[in-house]
Amino acid sequence: MMLRQKLTATATLLMLGVGFTSCTTDEDMVPGTGDGTIGMLFKLQNDAGSSASSRTSAHGLNFVDGFIQIQELEMELEGDFNREGLNPAGSFDDDDDDGDEEGSEWEYEVEFDEVKKVTFDQFDTDTDFFIQIPEGSYEEIEMEIDLIDFGNEPSIQLNGTYSNDSGEEVPFRYEYYGDEIDFEVEIEADDARIVVDRVNNPLILFELVPSRWFSGISDIELENADLDDDGLMLINQDNNQSLYQKITNRIEVDAEIEIDID
């Protein structure tokens with residue numbers, strides 16, 4: 001497997017057997033269509049080249065936990081799959097000439113029953129949710145994860161600590177309110193096919209690397225950041241705006257993942 005990655009995260013596609021879906025709950029399953037299943041797992045990684053529990057060397061930053069809030073998924077499937085039972089709200093592009101019941105490209109939206117809050121930290125390895133898609137043999141699977149503010153909370157939040165020049169641990173929180181940032185993933189099979197059915201269940205593992213989101217921030221900027229009355233370095237559109245803009249720009253540029261399967 002060859003992986004082309006942008007800087008926001010690394011992503012790995014794992015193929016798991018039938019036991020993968022045997023313990024799923026209604027809460028875990030996203031309303032979709034078909035009997036094939038794809039799992040999604042978001043995990044926080046402190047630094048790209050170190051263990052998740054270690055402190056990143058850049059700026060004395062340590063990333064603890066956070067979350068994203070998901071409104072819906074936009075799916076695009078390309079390959080051979082059964083059309084029966086497809087979501088009627090989807091858009092189907094048929095370039096097959098043989099008139100059989102196998103399709104070529106299908107786009108649709110998967111809406112959650114309610115906004116899905118996906119938490120991430122260094123140690124949690126439980127699958128966050130599952131998506132049902134038609135059983136089939138796929139050349140390409142694309143999805144766009146649409147984020148949303150909900151419940152007076154931001155669409156993206158990241159919590160951590162900063163060790164300043166005096167050796168003090170300063171807590172910080174980055175908040176992004178808005179819906180302009182979407183996580184996108186594209187899985188493309190060059191020679192082989194991605195088989196999804198009741199036995200073969202791909203799991204997409206996202207390892208978020210927030211140290212890269214902060215890579216354009218200097219030590220001086222962190223030392224001079226404003227703290228609130230509780231000693232918290234709050235970074236959002238109203239507080240520490242220069243830091244906020246640099247981090248947000250980095251996320252916006254890098255929020256795409258490509259996985260190539262040779």
Side-chain angles (χ1 to χ4, degrees), residues 1-3 9-43 68 70-96 98-114 116 118 125-146 182-207 256-262:
M1 179 185 297
M2 179 180 67
L3 173 65
T10 62
T12 306
L13 180 70
L14 307 174
M15 299 302 296
L16 303 180
V18 67
F20 171 59
T21 58
S22 61
C23 60
T24 62
T25 65
D26 291 339
E27 182 179 355
D28 294 328
M29 189 65 69
V30 177
T33 185
D35 294 317
T37 304
I38 297 178
M40 306 285 283
L41 167 60
F42 293 82
K43 185 178 178 181
I68 58 175
I70 304 174
Q71 180 182 27
E72 66 179 17
L73 303 173
E74 297 180 23
M75 299 283 296
E76 182 175 325
L77 309 175
E78 183 175 347
D80 296 324
F81 49 86
N82 194 327
R83 301 183 193 177
E84 184 178 354
L86 293 183
N87 189 320
S91 172
F92 189 77
D93 179 13
D94 184 5
D95 59 9
D96 291 337
D98 53 13
D100 63 16
E101 288 302 311
E102 300 300 314
S104 60
E105 188 172 319
W106 180 50
E107 299 179 9
Y108 73 112
E109 294 181 356
V110 180
E111 293 191 9
F112 293 76
D113 288 336
E114 58 185 32
K116 181 74 171 178
V118 175
T125 57
D126 292 333
T127 305
D128 290 306
F129 59 87
F130 306 88
I131 308 164
Q132 289 181 298
I133 67 173
E135 292 184 291
S137 175
Y138 292 93
E139 299 173 10
E140 188 172 330
I141 298 174
E142 295 184 22
M143 62 184 70
E144 181 175 304
I145 303 171
D146 296 335
D182 299 321
F183 286 89
E184 300 180 11
V185 61
E186 176 182 338
I187 308 168
E188 186 172 0
D190 291 337
D191 298 323
R193 289 289 189 105
I194 307 164
V195 177
V196 182
D197 53 31
R198 303 179 195 192
V199 175
N200 298 285
N201 313 123
L203 170 63
I204 303 174
L205 169 62
F206 289 93
E207 292 186 294
E256 297 182 7
I257 302 294
E258 295 182 5
I259 304 174
D260 283 1
I261 303 175
D262 294 332

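Heavy atoms only: backbone and side chains are in, while hydrogens, waters and symmetry mates are out. Source: prediction; values computed, not measured.
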Query raised in the report: Relative to each other, are the rings of Trp106 and Phe81 parallel, tilted or perpendicular (30° and 60° limits)?
Result: tilted
Report task. Answer whether the closest heavy-atom distance between the side chains of Val118 and Met40 falls below 4.5 Å. Result -> no
Query raised in the report: Could you state the interatomic distance from CG (Leu203) to CG (Leu41), rounded to the nearest 0.5 Å?
Result: 6.0 Å
Query raised in the report: Would you say the side chain of Met143 lies within less than 4.5 Å of the side chain of Val110, judging by non-hydrogen atoms?
Result: no
Query raised in the report: If we only count heavy atoms from C-beta on, is the Phe129 to Ile70 side-chain gap below 4.5 Å?
Result: yes
Query raised in the report: Roughly how far, to the nearest 0.5 Å, is CG of Asp113 from CD of Glu111?
Result: 9.5 Å
Report task. Identify, with sequence neighbours excluded, every residue that meets side chain to side chain contact (heavy atoms under 4.5 Å, CB included) alongside Glu76. Result -> Glu105, Glu107, Glu142
Query - Flag side-chain contact, heavy atom, 4.5 Å: Asn201 against Phe130 - result: no
Query - Non-hydrogen atoms of Pro202 and Val196 that approach each other most closely - result: CG-CG2, 3.7 Å
Query raised in the report: Rounded to the nearest 0.5 Å, how far apart are CD1 of Ile141 and CD1 of Ile133?
Result: 4.5 Å
**Report entry** Contacts of type side chain to side chain contact (heavy atoms under 4.5 Å, CB included), residue Asp146, not counting sequence neighbours
**Finding:** Glu72, Glu74, Glu144, Asp182
Report task. Step by step, work out the side chain to side chain contact (heavy atoms under 4.5 Å, CB included) result for Glu109 and Met75. Result -> CA-CA 6 Å; Glu109 294 181 356; Met75 299 283 296; over 6 Å; no
Query raised in the report: Rounded to the nearest 0.5 Å, how far apart are OG1 of Thr37 and CZ of Arg198?
Result: 10.0 Å
Query - Atom pair CG (Leu73) and CZ (Phe183), whose distance is rounded to the nearest 0.5 Å - result: 13.0 Å
**Report entry** Minimum heavy-atom distance between Asp128 and Phe42, given as atom pair plus value
**Finding:** OD2-N, 2.8 Å
Report summary line: Taking every heavy atom of Pro134 against every heavy atom of Leu77, the minimum-distance pair comes out as CD-CD1, 3.9 Å
Report summary line: dist Ile145:CD1 -> Gln71:CD (nearest 0.5 Å) comes out at 13.0 Å
